[in-house]
Amino acid sequence: MRALNRMRLLWGFLRGRTRVNALPVEYIVETTAKCNIYCPMCPRETHPQPKEDMTEETFRALVSQSGATAEHMMLIGLGEPLLDPKIFDRISHCDQHGVSTLISTNGTLLDEKAAEKLLSSPLEHITLSFDGYSKETFEFYRKGAKFERVRDNFVRFCRMKKERGSKIQIVVQMVRMDGNRHEVEDFTKFWRAVPGVDLIRVKEDETNLMRPGAGEGRVWSHPCHYLWRGAMYVKHNGDVYPCCQSYMLDGEPVGNVNRQSLPEIFNSDAMQEMRRLHVAGRAGEIGICAKCCTVIPHRLLAAGSLVLNGRTVRALLPWIERIAYRYFGAGALTPQTQSQAEPGLVQIEQAPAASASSRASADGGSGPTDAPAR
């Protein structure tokens with residue numbers, strides 16, 4: 001069923017069909033809108049969120065309708081997943097339907113007990129967000145989070161994963177911004193030495209908060225595959241948005257899973273109109289697309305993401321990004337703005353097995369805490 005669904009999506013994407021007899025392979029599911037820290041680059045600072053969780057009825061309605069076709073659910077949104085009291089049940093529920101899961105965490109709640117539960121769950125991928133190498137920089141971008149506590153939580157989690165032989169993929173990620181660019185090399189060096197880390201990812205900020213007008217002047221040379229493949233963004237209240245950035249860019253929901261079926265939402269008038277404008281080369285006429293800064297794969301890469309199963313795509317994605325940027329430049333992944341795109345928009349490194357001396361430095365002896373202040 002999933003393979004057939006992907007082929008239908010691929011055919012619709014390549015043919016520029018506005019109506020698709022299939023469902024997305026990926027979803028971003030905001031199981032909670034609660035967060036416990038303040039980040040100046042986070043959209044919740046311009047879009048205040050209620051202290052609410054997604055109800056079990058809403059979550060199960062989404063999974064029951066998408067379970068036969070969905071391949072991946074990112075249980076993240078504008079909240080911290082570990083604040084959701086049902087997060088472990090939700091991970092298991094997705095697994096029971098054959099859907100792989102991902103979460104991203106700020107690490108403040110990733111104590112030993114939470115780490116044990118995550119490593120015992122069927123979670124397949126976790127992103128550890130750590131936006132700085134020094135205490136000063138980290139706590140500027142992650143206000144309310146303590147540098148030493150989060151660092152130690154992450155290092156312990158990675159080591160526990162390594163000791164247990166867990167297959168969960170751990171990505172340590174830094175969002176590169178003006179205030180932390182100078183720390184990228186030290187950040188990469190430190191996390192490369194931590195046992196259990198699979199990938200180190202340094203990516204450009206894709207929001208407009210720290211860079212107002214960053215998306216202006218974008219040239220759409222091909223349609224955005226997110227409108228066919230997903231991920232669709234499902235808010236905690238069941239509202240569904242076309243893609244990962246649409247809510248944050250003041251877009252309107254295209255439906256609600258509590259009131260409409262997923263096929264109705266995915267082929268709603270609003271979704272079909274967006275696809276029509278993208279196919280016609282008029283994506284810039286869509287308000288949210290005109291402001292979007294998200295990396296968009298080339299048409300051939302997008303098509304390839306529908307040929308393979310979602311798990312395989314997730315495994316290959318870092319290498320595809322790396323190769324595309326190294327040999328073909330930023331244009332291989334994203335339509336350009338009027339100004340030249342910065343090379344290395346996404347920087348991926350595979351973390352090698354740590355040596356004994358590396359592990360000693362990861363204990364903190366020459367790690368971030370000893371870095372000179374900015």
Side-chain angles (χ1 to χ4, degrees), residues 37-46 104-107 127-148 150-151 154-155 170-194 197-218 244-245 248 291-296 317-318 321-326 328-351 361-362 364 366-374:
I37 65 173
Y38 159 74
C39 304
M41 65 287 194
C42 179
R44 48 183 306 121
E45 306 313 318
T46 53
S104 176
T105 179
N106 61 37
T127 296
L128 309 180
S129 297
F130 203 80
D131 293 324
Y133 172 76
S134 68
K135 177 181 175 69
E136 181 185 15
T137 301
F138 174 85
E139 293 186 357
F140 172 79
Y141 286 116
R142 297 270 165 172
K143 289 179 171 61
K146 297 298 182 183
F147 174 81
E148 294 85 356
V150 174
R151 179 206 60 189
F154 282 168
V155 170
I170 296 179
V171 176
V172 181
Q173 178 171 286
M174 175 194 220
V175 177
R176 183 170 50 203
M177 294 165 283
D178 290 342
N180 64 7
R181 290 178 185 274
H182 63 292
E183 296 185 348
V184 168
E185 184 176 349
D186 289 332
F187 169 90
T188 303
K189 182 179 179 181
F190 175 80
W191 289 105
R192 190 190 296 134
V194 176
V197 176
D198 295 296
L199 293 170
I200 300 155
R201 192 172 199 262
V202 178
K203 60 174 284 189
E204 201 72 16
D205 179 19
E206 292 182 346
T207 71
N208 297 67
L209 298 181
M210 305 291 283
R211 306 178 298 152
E216 294 178 3
R218 187 170 193 164
C244 58
Q245 292 295 313
M248 293 70 127
K291 296 182 287 184
C292 181
C293 301
T294 300
V295 171
I296 305 297
L317 183 59
E321 287 180 332
R322 195 175 186 181
I323 292 169
Y325 276 109
R326 177 171 295 178
F328 302 106
L333 290 180
T334 178
Q336 302 295 287
T337 58
Q338 297 293 356
S339 59
Q340 181 64 33
E342 178 183 349
L345 188 64
V346 180
Q347 180 179 324
I348 299 286
E349 288 215 17
Q350 184 177 27
S361 70
S366 60
T369 48
D370 299 308
R374 207 171 24 148

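Note that the numbering runs from 1 along the sequence shown for the chain.
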Looking at Arg176 and Glu183, does any basic side-chain N land under 4.0 Å from a carboxylate oxygen? no

Can you list the steps and then say if Phe154 with Val172 is a side chain to side chain contact (heavy atoms under 4.5 Å, CB included)? CA-CA 9 Å; Phe154 282 168; Val172 181; 5.6 Å; no

Check whether Tyr141 reaches the backbone of Gly179 with its side chain - one donor and one acceptor, N or O, closer than 3.5 Å. yes

Determine whether the aromatic ring centres of Phe130 and Phe147 lie less than 6.0 Å apart. yes

Give me the atom names and distance for the closest heavy-atom approach of Thr137 to Asp131. CG2-O, 4.1 Å

Cation-pi check, Lys143 to Phe140: give yes when NZ or CZ is under 6.0 Å from the six-membered ring centre and within 45° of the ring axis, no otherwise. yes

Find the distance between NZ (Lys291) and CD (Gln245) and round it off to the nearest 0.5 Å. 11.0 Å

Would you find a donor on one side and an acceptor on the other, under 3.5 Å apart, between the side chain of Asp198 and the backbone of Val171? no

Atom of Val150, atom of Ala145 and distance for their closest heavy-atom approach: CG2-CB, 4.1 Å

Search all heavy atoms of Tyr133 against all heavy atoms of Phe190 and return the closest pair with its distance. CE1-CB, 4.0 Å

Rounding to 0.5 Å, atoms NZ (Lys135) and NZ (Lys146) come to a distance of 6.0 Å

Which pair of heavy atoms, one from Thr294 and one from Cys292, lies closest together, and at what distance? N-SG, 3.3 Å

Who are the side-chain contact (heavy atoms from CB on, under 4.5 Å) partners of Gln173, not counting sequence neighbours? Thr127, Val175, Arg201, Lys203

Begin from the C-alpha positions of Trp191 and Met174 and carry the test side chain to side chain contact (heavy atoms under 4.5 Å, CB included) through to its verdict. CA-CA 11 Å; Trp191 289 105; Met174 175 194 220; over 6 Å; no

Supply the atom-to-atom distance Glu139 CD to Arg142 CZ, rounded to the nearest 0.5 angstrom. 12.5 Å

Which atom pair, heavy atoms only, marks the closest approach of Glu45 to Cys39? CG-O, 3.2 Å

With sequence neighbours excluded, residues passing side-chain contact (heavy atoms from CB on, under 4.5 Å) with Lys189: none

Listed by chain and number, what are the side chain to side chain donor-acceptor pair (under 3.5 Å) partners of Asn106, not counting sequence neighbours? Asn36, Glu80, Thr108

